[in-house]
There are 2 protein chains.
Amino acid sequence: MTSAGAEPSARRLTARGALTRDRIVRAAADLMHANGVAGTTMDQVVEASGTSKSQLYHYFEDKDALVTAVIKMQAARVMERQEPHLEQLSSLQGLRRWRDAIVRFIDERHAAHGCEIGSLASELTDRSEPARILINATFQHWESYLAAGIRRMQERGQVDPSTDPAELATGIMAAYQGGYLLSQAARSAQPMALALDLAIRNLEALAVQEKRAPEAAS
Amino acid sequence: MTSAGAEPSARRLTARGALTRDRIVRAAADLMHANGVAGTTMDQVVEASGTSKSQLYHYFEDKDALVTAVIKMQAARVMERQEPHLEQLSSLQGLRRWRDAIVRFIDERHAAHGCEIGSLASELTDRSEPARILINATFQHWESYLAAGIRRMQERGQVDPSTDPAELATGIMAAYQGGYLLSQAARSAQPMALALDLAIRNLEALAVQEKRAPEAAS
DNA sequence: GGCAGAATGGACCAGCTGGTCCGTGTTCGC
DNA sequence: GCGAACACGGACCAGCTGGTCCATTCTGCC
């Protein structure tokens, strides 16, 4: 379900229409990720998506509606990329693999651009309340995956059970977002690596002292 | 030294001129912090600063030059606000006081707006290389204060001396920036509190075990 | 096979945006 | 006290931006 919210009267969509709509959102998402929302014009979206002005305004009431669809698509994209790592997260090892994947991802892109959701958050949060709510919900959803993983670690005795998983998850998310921002500014994946290391080290420190506990096969 | 860089030919500035220039940068900084760089028009700056178009372009070659001045002013403002806390930082207690001041600051503003530098970073880093370099330098400078404080803590035996203070500082900065972003999106100071707590807890965990060591007066 | 509604093409527009220009007032240094 | 450079006011403009409109072509469905 990569497609995003409708709005402009839940009109019927033919298969062809749905495809066109998707091309528009995809093009808009890429442009806005690279140039910002304000830095992306409707004409650019038209050209990049190979559609026309009338189509754009046929599927979206105005730019705000398009932006809403873009937020939803980016949220879906990010979650799709993260899910494989977070879905069954249940150990510090898994968390470290998650960290490695992120650092590698940023490194491959030479730390150009920021987090798809984070940059939208920074630009839109103060400008549009509906956008803020949507973005905040995305963060929450994202964090809930981390929290669930941490809870599993607690159950397995890898992490101190007295600390609230949701709060730890927020802390880790903050490290991720801040790490992304610093990496973007430094054009290096190192800040992200340091930020996530600090966050993970925190769980390790909280770990039940039996560091070398009986490891299940795997 | 709140005023920012010149550029448009280091022309001579009369006292009156310097004042006008400063009013312009100040107004631009406030507008851009609230509405973003792209969301701030030169006409708005003119109106908010009570100047005229010709003055604006008398002191700044173009919008980019104005933005550069704004970055420098915001960097100075942030550092001015942080220096009292970071200048002689040398204990975990001091770090916690820094944390408290930040959380209070965000709470007072009901978590509206983001970090003055962080939001500029997010918007400009990909769009302007000179801006990126300037912003990155600001982060470095900022982190160096934190690193110096951590080094002092190490010397006093409060923090494990085997960890690189600069790397810890980057991690803390990331927690700060990410915490700010999440707080802005959630309209609550809590994410910031959790993020900084996680970062600080990390130093505590690293602390030499003699937790209740001989405390110097104060 | 024909019609209602979806999909599309693209010309057109009013308002805004960054930036220019020129004339006037002020101030500093000699 | 006087000229040069600085400070200032504000009309003006070309290009862009989000958005409108209407005519035409497809498509699903009875």
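Below, chains carry the letters A, B, ... as their sequence lines are ordered, and counting in each starts from 1.
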Please tell me if the side chains of A/Tyr180 and A/Ser119 come closer than 4.5 Å, counting only heavy atoms from C-beta onward.
no
In whole angstrom, give the distance that lies between atom CZ of B/Phe60 and atom P of C/dG19.
13 Å
Assuming nearest nucleotide by heavy-atom distance, tell me which of B/Ala15 and A/Arg16 is located more 5' along DNA chain D.
B/Ala15
State, yes or no, whether a side-chain contact exists between A/Phe60 and A/Val25 at a heavy-atom distance under 4.5 Å.
yes
Sidechain N-carboxylate O distance under 4.0 Å for A/Asp126, A/Arg132:
no
C/dT8 P sits how many Å from A/Leu19 CG, rounded?
9 Å
Nearest-Å distance, CZ (A/Arg21) to P (C/dT8)?
13 Å
OP1 or OP2 of C/dT8 sitting under 4.0 Å from any side-chain N/O of A/Tyr59?
yes
Mind calculating the distance between OH (A/Tyr57) and P (D/dG18) to the nearest angstrom?
6 Å
N or O in side chain of B/Thr20 less than 4.0 angstrom from D/dC8 OP1/OP2
yes
Distance from A/Gln82 atom CD to A/Ile102 atom CD1, nearest 0.5 Å?
5.0 Å
Do A/Arg127 and A/Asp64 sit within salt-bridge range, that is, some charged N less than 4.0 Å from a carboxylate O?
no
Would you tabulate the pairs of protein nitrogen or oxygen atoms and nucleotide nitrogen or oxygen atoms of nucleotides 10-17 of chain D closer than 3.5 angstrom?
unit_1, atom_1, unit_2, atom_2, d
D/dG10, O6, B/Ser54, N, 3.0

A/His58 NE2 to D/dG19 P, straight-line distance once rounded to whole Å
17 Å
Value in whole Å for how far the P atom of C/dG19 lies from CD of B/Glu61
10 Å
With a 4.0 Å cut-off, would you call A/Glu47 and A/Lys53 a salt bridge?
no
Rounded to whole angstroms, how far apart are CG on A/Leu56 and P on C/dG9?
12 Å
At under 4.0 Å, does any side-chain N or O of B/Thr14 touch on OP1 or OP2 of D/dA7?
yes
Do the side chain of A/Arg187 and the main chain of A/Ser183 share a donor and acceptor less than 3.5 angstrom apart?
no
